[in-house]
2 protein chains.
Amino acid sequence: MSKKVIPADSTTEEKIKEAGRKVFIRKGYAGTTTREIADEAGLTHALVNYYFRSKDKLFDIVTQEQVAAFFGKIYPIVNNEDTNLDEKVKGLINYYTEILIEEPGMVFFISSEMQNRPERIAKNMEDNQGLAKAVIARQLHEARPDIHPMQLMMCILGMIIFPYISRGVFQRSMGISENDIIKMLKERAEFLPALIKAMLSN
Amino acid sequence: MSKKVIPADSTTEEKIKEAGRKVFIRKGYAGTTTREIADEAGLTHALVNYYFRSKDKLFDIVTQEQVAAFFGKIYPIVNNEDTNLDEKVKGLINYYTEILIEEPGMVFFISSEMQNRPERIAKNMEDNQGLAKAVIARQLHEARPDIHPMQLMMCILGMIIFPYISRGVFQRSMGISENDIIKMLKERAEFLPALIKAMLSN
DNA sequence: GTCTATACAAAGATAGAC
DNA sequence: GTCTATCTTTGTATAGAC
């Protein structure tokens with residue numbers, strides 16, 4: 001997942017969407033003005049409304065695309081019949097470690113969306129068969145029949161994703177640099193599988 | 001931590017702050033207008049600025065209070081010399097289970113603040129001796145000397161807090177009711193200590 | 001000090017010219 | 001499809017009554 005660059009020959013609509021993504025990630029919804037988005041794209045602010053109806057709609061689309069990118073690749077992982085639980089956990093960890101270090105702004109969109117419009121994420125999941133009926137759910141049930149598989153999923157995802165939500169706090173309260181916290185997050189990907197395995201062993 | 005009710009004889013300033021808290025929780029920062037806050041409080045919108053200088057400042061104060069409430073009670077838990085690790089984990093779980101079920105809107109403020117202004121939360125922690133030097137950090141190090149205590153804290157907090165960030169998604173994707181998800185969250189408080197213990201046992 | 005009425009500027013949205 | 005002018009909403013500031 002590489003950072004998007006706006007091609008010089010892209011359409012106006014694409015320019016605006018990319019400019020919107022940039023500025024929204026940098027300044028958040030409230031801190032962004034449509035005029036600034038237009039400036040970033042080299043156009044007048046009226047065009048933001050012309051193409052996207054409203055600032056809100058544009059934000060919606062940007063968010064929706066971030067969500068789709070965030071979840072898109074996990075379905076093949078959790079639904080793979082040929083991998084065992086440990087391999088799936090490693091797959092999830094590696095994927096999220098990579099994408100969330102490369103696109104730190106993304107986790108903000110995801111956690112906001114999970115709380116503001118959970119139905120949209122739930123729908124995205126259902127369209128991809130979801131987690132409840134995924135192969136990983138069956139494997140989790142086999143490992144720990146005493147605990148609901150979705151409870152275990154919350155544990156696993158919490159351990160993987162929460163550090164990216166709280167990384168700023170930990171970085172500052174430990175008094176370390178941006179690079180050091182990234183190093184910790186990468187180290188984390190190494191030992192997490194073993195910790196999760198220990199947790200799941202009955 | 002019971003829901004605040006605005007007493008009829010409270011001051012104008014308190015009325016505005018409570019109205020602001022209500023509307024901000026319901027509609028978020030961008031979705032809230034100062035005029036609506038004033039309506040909710042039964043006053044004219046100019047008073048929001050008179051008492052709080054700006055919408056931003058009011059939001060700041062509301063958020064800061066939510067953060068203080070969220071973290072305030074954990075310091076005595078994690079710094080208690082007389083409890084062992086397992087008891088501390090149970091203390092954290094019980095506290096967060098209680099407060100986050102009773103005030104579901106709080107987790108939104110916390111996760112936003114962790115990402116938007118992590119330095120404020122870090123400062124709040126430092127003022128209370130923080131996590132890195134807390135008794136719990138020492139005990140985590142004794143349990144798993146091979147892994148940085150803060151890494152383990154991220155695991156524990158992730159398992160406890162992440163479900164409240166993602167509850168809406170899980171509720172919908174499992175097709176269950178509000179009450180059912182709350183039941184799951186309460187059940188969770190029962191078995192989490194054992195799972196965490198298993199994870200920490202070397 | 002508290003509050004009302006009002007003014008003003010910034011920003012989202014829209015109509016109409018080109 | 002693009003841009004300018006304009007309208008409306010909303011955050012902010014202030015003058016003046018009490």
Side-chain angles (χ1 to χ4, degrees), chain A residues 4 6-66 105 108-109 112-113 116-117 120, chain B residues 4 6-66 105 108-109 112-113 116-117 120:
Chain A
K4 283 191 186 156
I6 308 178
D9 63 343
S10 61
T11 66
T12 302
E13 186 172 350
E14 284 164 349
K15 279 185 199 160
I16 293 172
K17 192 158 73 181
E18 263 318 296
R21 188 192 321 276
K22 265 194 186 174
V23 185
F24 280 136
I25 286 181
R26 200 163 55 231
K27 304 198 167 184
Y29 179 86
T32 298
T33 69
T34 57
R35 282 159 173 89
E36 191 178 353
I37 293 172
D39 279 356
E40 176 82 32
L43 305 159
T44 34
H45 71 278
L47 288 175
V48 176
N49 278 66
Y50 174 74
Y51 281 100
F52 295 95
R53 276 262 320 265
S54 72
K55 173 185 175 183
D56 223 76
K57 283 265 190 298
L58 174 56
F59 186 77
D60 253 35
I61 288 169
V62 168
T63 304
Q64 177 62 40
E65 288 187 2
Q66 296 286 106
F108 164 76
F109 282 91
S112 296
E113 192 75 350
N116 293 332
R117 279 174 302 221
R120 282 225 310 217
Chain B
K4 282 189 188 157
I6 308 178
D9 63 341
S10 62
T11 67
T12 301
E13 186 172 349
E14 284 165 347
K15 279 184 198 161
I16 293 172
K17 192 158 74 179
E18 264 317 297
R21 187 191 321 274
K22 265 194 186 173
V23 186
F24 280 136
I25 286 182
R26 200 163 56 231
K27 304 200 167 182
Y29 180 86
T32 298
T33 68
T34 56
R35 281 160 175 87
E36 190 179 353
I37 293 173
D39 279 357
E40 176 81 31
L43 303 160
T44 40
H45 71 280
L47 288 174
V48 176
N49 274 66
Y50 175 74
Y51 281 101
F52 294 94
R53 277 263 318 268
S54 72
K55 174 186 175 183
D56 223 76
K57 284 262 190 300
L58 174 56
F59 185 76
D60 253 35
I61 288 170
V62 167
T63 304
Q64 179 61 41
E65 288 187 2
Q66 295 286 107
F108 165 76
F109 280 90
S112 296
E113 191 76 350
N116 294 332
R117 279 177 301 219
R120 282 226 310 218

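Note on naming: letters A, B, ... go to the chains in the order of the sequence lines (proteins, then strands), and numbering restarts at 1 for each one. What's counted below: heavy atoms across the whole structure, side chains too, no hydrogens, waters or symmetry copies.
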Salt bridge present between B/D60 and B/R120 (N-O < 4.0 angstrom): yes
Rounded distance (Å) that lies between atom P of C/dA10 and atom CG of A/D39: 15 Å
Residue pair A/T34 / A/V48: nearest heavy atoms and the distance that separates them: O-CG2, 3.8 Å
Sugar-phosphate, base or nothing in reach of A/F52, heavy atoms under 4.0 Å: nothing
Main-chain N/O of A/T11 paired to A/E14 side chain as donor or acceptor, under 3.5 Å: yes
Criterion ring-ring contact (aromatic ring centres under 6.0 Å, His included) on A/F109 and A/F59, from CA distance to verdict: CA-CA 10 Å; A/F109 282 91; A/F59 186 77; 5.8 Å; yes
Atom-pair distance (NZ on A/K57; C1' on C/dT14), nearest Å: 16 Å
Footprint string (nucleotides 6-18 of chain D, 5' to 3'): B base within contact, S backbone only, - free, heavy atoms under 4.0 Å: ----BBBB-----
Residue list, salt bridge (Lys or Arg N to Asp or Glu O under 4.0 Å) with A/E36, at least two apart or on another chain: A/K27
